[in-house]
Amino acid sequence: MEDEECFYRLAIRDGSWTQIQKQEADTAQPGAVSLERWASALGAGESGIPVIDLEGKILLPGFVDAHMHLDKSFSLTSVDNLSGTLEEAVRNYSLASPSFSKDEIKSRIMRSSLQALSFGTTHIRTHLDFNLRASREVALRTIEAALEAKEALAPYIRLQLFPMCPYNFMALDVEAIEEALRMGVDGIGGAPHLSSTAKEDIDYMFQLAEKYDVPIDLHCDETDNPNMRTIEHISWKTKSEGYSGRVTVDHLCALASMTDHDAHGIIERMAEAGLKAVSLPAVNLYLQGRHDSFPVRRGVTRLKQIWEAGIPIAVASDNIHDPFHPFGRGDLMQIALIGSYAAHMGRPADLRTLLRMITDVPAEVLGLQAHSIKSGNEANFVVVDANTPEELFTLLPERRWVYSQGSWVRMAASKAEWQEPALAQFWKEASEQVSFHKHEFAKG
Ligand SMILES: [Zn+2]
């Protein structure tokens, strides 16, 4: 997006970018075929090396979804949420989770990851249910399922796994969290604002993160209550422990309910602490404001102010077809559009910022060192059938070409039509295990 007046010539060898060069003039490349023709024939240029003319279509780094709940996706078939509140979603999901088998959880993770990949996402950080209140076995079952799914998907899409310490978890079997860390999860998560011992929980999570040398990613003040301010303790703790750059805070809905004066003070402290942030606009528009009568608060955090304070803030999917959010499809272009509505970001510069919020900013949140389109970096990218960001946001083109870890995984089909036989097989198996919630109306 740096210089939109220019076209670029990009070269890839062995799955890495080898050349990024501005085109001097609008000249067709010798031996080039259009992306469409090449995709249908999978042909190569005359030299044996495929040369493809993108005809001005936008090429972006692979989307990075910084916050999902893959293990919960497609669980709306068995877990309702009739009030539409976060409280009921949490309550109903924790009652139901002991009944989910490892295979079922793994299928849900596989299916939702592949769906995200089909839209152009090449990296995901997913939070994981860790229901210690049910039992250690239930909690670790989700971890095992996620580790298996992560390994199976590793050649195509990369997952980071963050188990969520349950609220008031220090009264529970805390050793089980250490077991999850030893099993190889990537970091530690939680939602301390739900806890009656929030400060102690946060301190203990820092202790564990330091012991296992992993990052922290917390659901933070996901409420319309302007006095919920676990963010203050997290900011202070991050600074005092020297953990800057390794702590991410998500949701931050309370900031949207505060006065400007209070919110500015908190955002300043977040910036000083070197926090990273993630907004989940679709889910917060859905879940927040449920206890208001009109006017109803929107729940989405202060996306623009946080960005303007220099804090890297991404927008991400959160939940797909589960009690927390009945919709969503793992498509970050859709999420960026919803973010645009929710945060009043529609000016040309805003659209370009939003595209960064689903690419290089979440790459920074995940700690990916080499995700940008730069010589020597791994070439993970998505080509979108649009010539400008304005066209992209207006049309959300279904037609996309996705290249990940050295191969084309999807070619512009309207539904996932996988180039890789293994992906086609994973998709079939995972899809057989998940279904959509259908309300049965009483007859008569
Ligand atoms: Zn979440």
Side-chain angles (χ1 to χ4, degrees), residues 64-76 79 81 84-94 97 105 108-109 112-113 116 121 123-131 142 146 159-167 169 185-195 201 205 215-224 228 230-231 234 247-256 275-288 290 299-301 303 313-330 332 334-335 338-339 342 357-358 362 365-366:
V64 178
D65 208 317
H67 183 132
M68 295 186 85
H69 291 265
L70 299 171
D71 58 321
K72 293 186 169 104
S73 61
F74 299 105
S75 64
L76 194 59
V79 195
N81 177 3
T85 59
L86 176 62
E87 296 80 5
E88 185 181 338
V90 170
R91 195 169 56 242
N92 291 358
Y93 194 87
S94 42
S97 76
I105 298 165
R108 298 200 305 231
I109 296 171
S112 40
S113 303
T121 295
H123 294 75
I124 295 174
R125 175 176 288 179
T126 183
H127 296 263
L128 297 170
D129 188 50
F130 199 73
N131 193 349
T142 303
L159 308 185
Q160 289 188 356
L161 311 177
F162 279 62
M164 290 183 72
C165 297
Y167 56 92
F169 69 94
V185 296
D186 300 276
I188 188 160
H193 62 276
L194 298 175
S195 177
D201 287 19
M205 284 189 252
I216 299 171
D217 193 323
L218 299 173
H219 288 62
C220 185
D221 306 334
E222 188 181 2
T223 166
D224 296 314
M228 180 64 76
T230 64
I231 185 61
I234 296 167
V247 180
T248 303
V249 283
D250 314 321
H251 292 289
L252 302 163
C253 307
L255 277 175
L275 292 176
K276 298 169 180 176
V278 183
S279 172
L280 297 306
V283 167
N284 288 136
L285 279 173
Y286 186 77
L287 288 176
Q288 305 305 313
R290 293 278 178 169
V300 179
T301 197
L303 200 52
I313 181 162
V315 291
S317 289
D318 219 4
N319 300 71
I320 296 177
H321 201 57
D322 69 12
F324 296 79
H325 186 220
F327 318 121
R329 57 179 201 171
L332 280 175
Q334 183 192 51
I335 294 297
I338 294 171
M357 288 177 171
I358 58 173
V365 170
L366 267 66

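Just so you know, ligand 1 is whichever comes first in the structure, and atom 1 is the first atom listed for that ligand. Quick note: numbers below take in every heavy atom, side chains included, and nothing from hydrogens, waters or symmetry partners. Since the structure is predicted, the reported quantities are computational estimates derived from the model, not experimental observations.
- Contact of the D129 side chain with the M164 side chain is not registered, since no non-hydrogen atoms from C-beta on lie closer than 4.5 Å.
- A search for ring pair (Phe, Tyr, Trp, His ring centres under 6.0 Å) contacts involving F74 returns F436, not counting sequence neighbours.
- Donor-acceptor pairing under 3.5 Å is lacking for the side chains of H251 and D221.
- S317 and D65 share a side-chain donor-acceptor pair at under 3.5 Å.
- Listed by chain and number, the protein atoms of type N/O/S under 2.8 Å from the Zn ion (ligand 1) are H67 NE2, H69 NE2, H219 NE2, D318 OD1; waters are omitted.
- Contact annotation: the side chain of D217 approaches that of D250 to within less than 4.5 Å [non-hydrogen atoms, C-beta and beyond].
- Screening K72, H325, H127, H69 for a side chain to side chain donor-acceptor pair (under 3.5 Å) involving D318 leaves a single residue, H69.
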